[in-house]
Amino acid sequence: MKHLILGAAVAAIVTTAAAQNRAPAAADTIHARQARYKQMGAAMKGIREELRGDAPSLDALRRDSGLIAGYALQLLRWFPPGSGAETGVRTRARPEIWTNNHGFHRAGADLLVAARALEAAARSGDVARIRAAAPPVARACSACHDDYRAPEQ
C-alpha cells in the first residue's frame with residue numbers, strides 16, 4: 001500500500017512539474033511569435049512609407065521584404081499545439097488556428113507566395129514592380145488576421 005501511495009505521489013509531482021515546464025515554454029513560444037509579428041508589421045510599414053516617397057530606398061525595401069519573406073517561410077511553425085489562450089498568456093491567436101489547421105496553412109502559403117514575389121521585386125530594383133507586389137502581401141496578412149487573429153481588447 002505504501003508503494004502505491006508513494007507511486008501516486010511521485011506521479012502527481014512529475015505531472016505537476018511537467019505542466020510547469022510546459023507553461024514557460026508555451027509563454028516563450030507566444031512571446032517570440034509576437035515579437036516576430038511586430039517585426040513583420042514594422043517591415044510592412046517601412047515598405048509602405050518607402051513606396052510613398054519619390055525616391056524609395058532599394059536597400060530598405062530589400063531588407064524589409066527579405067525579413068517578411070524569411071518569416072513567412074517560418075510562421076506556420078510558430079503555432080505548436082498548446083500555444084494558444086489555454087496557456088493563460090495573453091495572445092490574440094484564435095482557436096481556429098488549430099481547429100481549422102488546413103485553412104491556416106493555406107493562409108500561410110498565400111502569404112509566402114506573395115512575400116516571395118515582393119522580395120523578388122525588391123531584388124530586381126524595379127520600383128513599379130515593387131509597388132505592384134506590396135498590396136498582395138498586405139491582403140494576405142489581412143486575410144489571415146480576419147480569420148485567425150482575435151480583435152485587440
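By convention here, the first residue in the shown sequence is residue 1. No hydrogens, no waters, no symmetry mates; every other heavy atom, side chains included, goes into these values.
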Spell out, as yes or no, whether a donor-acceptor pair under 3.5 Å connects the side chain of [X] to the backbone of [Y].
| X | Y | answer |
| --- | --- | --- |
| Tyr148 | Phe104 | yes |
| Ser124 | Ala121 | yes |
| Glu49 | Ile47 | no |
| Glu50 | Ser57 | yes |
| Trp78 | Ala32 | no |
| Arg94 | Ala150 | no |
| Thr87 | Ser83 | no |
| Asp126 | Ala122 | no |
| Gln34 | Arg90 | yes |

[Y] side chain reached by [X] side chain, heavy atoms, under 4.5 Å:
| X | Y | answer |
| --- | --- | --- |
| Met44 | Val137 | yes |
| Leu58 | Ile130 | yes |
| Lys45 | Asp64 | no |
| Tyr37 | Leu75 | yes |
| Glu96 | Thr99 | yes |
| Leu111 | Cys144 | no |
| Val89 | Thr29 | no |
| Arg36 | Arg33 | yes |

Worksheet entry | Arg131 atom CZ, neighbour heavy-atom count above 12 within 6.0 Å | yes
